Amino acid sequence: MSTEPTPDTAAHPALDRQDIAHLARLARLAVTDEELDRFAGQLGAVLDAVAQVQRADVADVAPTTHAVPLTNVLRADVTTPCLPRDVVLAGAPAAEDGRFRVPRILGEEA
Amino acid sequence: MSDLTALSVVELQQALSAGETTSVEVTRAHLDRIAAEDGALGAYLHVEGEAALRRAGEIDAAGTAGTGLAGMPVALKDVFVTEGVPTTSGSRILEGWRPPYDATVARKLKDAGTVLLGKTNMDEFAMGSSTENSAYRPTRNPWDHDRIPGGSSGGSSTAVAGRLAPVALGTDTGGSIRQPAALTGLVGHKPTYGSVSRYGLIAFSSSLDQAGPMARTVLDAALVHEAIGGHDPRDSTSIDAPVPTVVEAARRGAGGDLAGLRVGVVRELGGDGAREGYDAGVLERVAEAVALLEGAGAEVREVSCPSFGLALPAYYLIAPSEASSNLARFEGMRFGIRVGDDGSRDIDEVMALTREQGFGPEVKRRIILGTYALSAGYYDAYYGQAQKVRTLITRDFHAAFDDVDVLVSPTSPTVAWPIGARVDDPLAMYAADLCTLPASLAGVPAISVPCGLSEGLPVGLQVMAPALSDDRCYRVAAAVEAALGAPLTDRLAERAA
């Protein structure tokens with residue numbers, strides 16, 4: 001055993017069931033107990049592997065967000081035809097009065 | 001005519017324009033083969049059937065069949081939205097959805113007069129390397145039905161290799177065109193990022209996704225590439241540059257003369273000290289292909305790209321991060337399925353239930369991983385660090401292309417593996433992308449061309465080139481194809497006969 005912790009074990013905590021449940025909640029993803037057990041193991045292993053990026057010496061390296069160096073691509077400020085409303089609503093799980101119908105968005109106390 | 005499904009795109013063009021056959025006959029031959037074979041292969045999620053025959057009849061009536069791609073049947077990966085034609089991206093969450101518009105590439109192929117045969121199977125939202133992550137069914141490899149066809153464009157690879165389509169489109173985020181092409185004996189090209197429109201391509205990882213052709217010959221792939229390429233104002237990352245002259249390059253390469261071309265063999269992808277995880281048979285076939293390039297006059301040297309070893313961890317942070325953001329749009333409100341909306345639940349609960357039932361395990365894993373990598377406190381250590389590694393990989397390409405014209409490597413470290421062998425081990429599945437990820441992260445073009453068999457299964461050579469020099473990929477691929485003689489898939493047809 002080295003006395004220095006290796007970067008990929010030092011820099012991140014393992015993902016436990018509770019962490020997975022929290023992340024799933026943030027992502028609006030209901031997960032079953034069985035999935036929590038399975039994902040905790042699998043994602044822990046994946047996280048260990050991807051943490052290798054922390055070994056790279058990138059002190060003076062700028063991040064690449066995109067392979068193509070394009071910025072602020074704008075179109076002319078003119079209206080163009082868009083899809084007809086009924087055509088779009090035809091693909092919706094629920095529509096009413098020419099609009100998307102959605103479940104309650106505010107709590108009882110609001 | 002004899003078996004129309006055995007002909008290449010070029011041969012079909014000639015037969016159509018000579019009046020030896022019609023688009024209806026060609027389309028019917030493929031639909032008949034789909035009806036006979038696809039129950040076992042699982043290449044298609046939706047087949048157009050009568051609609052395809054009607055469309056073919058219109059092309060025949062117009063008298064344009066054989067002009068360009070007019071009258072040519074094509075298959076599209078189910079990740080492209082197609083007006084009025086079911087589109088699922090391999091996911092239950094879009095089951096039954098008929099998009100109200102066409103992806104730009106689907107529109108371009110339609111305008112060229114092609115006939116849509118159907119939509120091909122894929123790993124859900126293109127996340128996977130085997131097509132086993134399809135929410136509907138696995139696709140089988142026509143070379144061995146007990147093996148995977150690669151992924152995520154595995155429906156397209158099986159459709160074309162199995163002669164259920166003359167040509168197909170796939171998409172490639174980390175190798176999803178090249179790897180299935182390699183594993184089924186096809187030519188598959190990932191164009192320069194930004195050179196083919198992403199409009200209407202259901203987004204997985206927007207800074208990496210790119211559409212491209214999958215075909216049985218290099219020239220077939222080039223013909224389709226030129227038909228779909230070009231600037232699109234509807235894609236803000238689209239490059240405003242002419243489409244590389246890939247058809248001319250494919251014809252030139254087929255002449256077999258590569259005199260003066262400088263070829264770099266990437267040490268880190270199967271070279272000295274980096275052979276762990278590679279099949280010996282794959283490395284042998286690739287070495288033979290490199291020898292063929294040398295025989296054609298190319299100058300071959302070994303090139304080191306030290307950062308390529310970090311492509312896999314960087315990719316599996318960047319792609320899930322972008323996916324976790326992109327897939328937020330599937331919330332069951334505007335399209336697709338909705339679950340649990342019985343009046344008792346609020347919108348957050350309905351979204352969570354819809355996503356729980358609509359997404360499969362790999363999609364959930366990547367959403368959770370991406371959410372983690374982007375979260376406050378971890379962003380710099382994971383996503384930010386991965387983006388910097390992406391810069392290092394791009395620098396390695398720039399340095400290499402100062403010395404050589406193209407880089408080569410195996411496309412896949414292994415041949416097609418048995419169905420089920422890696423489904424419970426995400427890391428083993430991810431390792432399939434080892435060789436294809438660097439070009440994805442740098443946005444440079446890369447092609448996979450068949451270079452023989454190992455254990456009776458296809459092996460692909462990957463050829464990478466600088467951005468917007470896609471023509472070099474086609475030229476080198478065509479030289480390999482010419483040196484090897486007939487298309488590899490001919491051997492599959494002989495086996496079946």
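Numbers restart at 1 for each chain; the letters A, B, ... are given by sequence-line order, proteins then strands. Since this is a predicted model, take the numbers as computed values, not measurements. What you see below is based on every heavy atom in this structure, not just the backbone, and it leaves out hydrogens, waters and symmetry mates.
- Remark: the backbone N or O of A/Val61 is not paired with any side-chain donor or acceptor of B/Thr391 at under 3.5 angstrom.
- For chain B, the nearby part of A/Leu83 is the side chain; its heavy atoms alone come within less than 4.5 Å.
- Counting only distance, with no hydrogens or angles, the side chain of A/Gln42 and the backbone of B/Asp425 share no donor-acceptor pair below 3.5 Å.
- Scanning all heavy atoms of the two residues, the minimum distance from B/Ala442 to A/Ala67 falls at O-CB, 3.6 Å.
- For residues 327-334 of chain B, the interface with chain A (any heavy-atom pair closer than 4.5 Å) comprises B/Gly332, B/Met333, B/Arg334, sorted by residue number.
- The ring pair (Phe, Tyr, Trp, His ring centres under 6.0 Å) test applied to B/Phe397 returns B/Phe308, B/Phe401, not counting sequence neighbours.
- Comparing A/Val87, A/Val102, A/Leu74 by how many heavy-atom pairs each has under 4.5 Å with chain B, the most go to A/Val102.
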Point to revise | Pair A/Arg38-B/Asp424, salt bridge (charged side-chain N to carboxylate O under 4.0 Å, His left out): steps then yes or no | key: CA-CA 10 Å; A/Arg38 197 149 41 99; B/Asp424 291 321; 5.3 Å; no

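- Among A/Thr32, A/Asp57, A/Val46, the residue with the largest count of heavy-atom pairs under 4.5 Å with chain B is A/Val46.
- Of the listed residues (A/Leu89, A/Thr65, A/Leu26), the one with the most heavy-atom contacts under 4.5 Å to chain B is A/Thr65.
- Remark: the backbone N or O of A/Val53 is paired with a side-chain donor or acceptor of B/Gln385 at under 3.5 angstrom.
- For A/Ile105, the parts sitting under 4.5 Å from any heavy atom of chain B are the backbone and the side chain alike.
- Listed for the A/Arg28 side chain is no donor-acceptor partner under 3.5 Å among the backbone atoms of B/Glu349.
- Of the atoms belonging to A/Ala62, it is backbone heavy atoms, and not side-chain ones, that fall under 4.5 Å from chain B.
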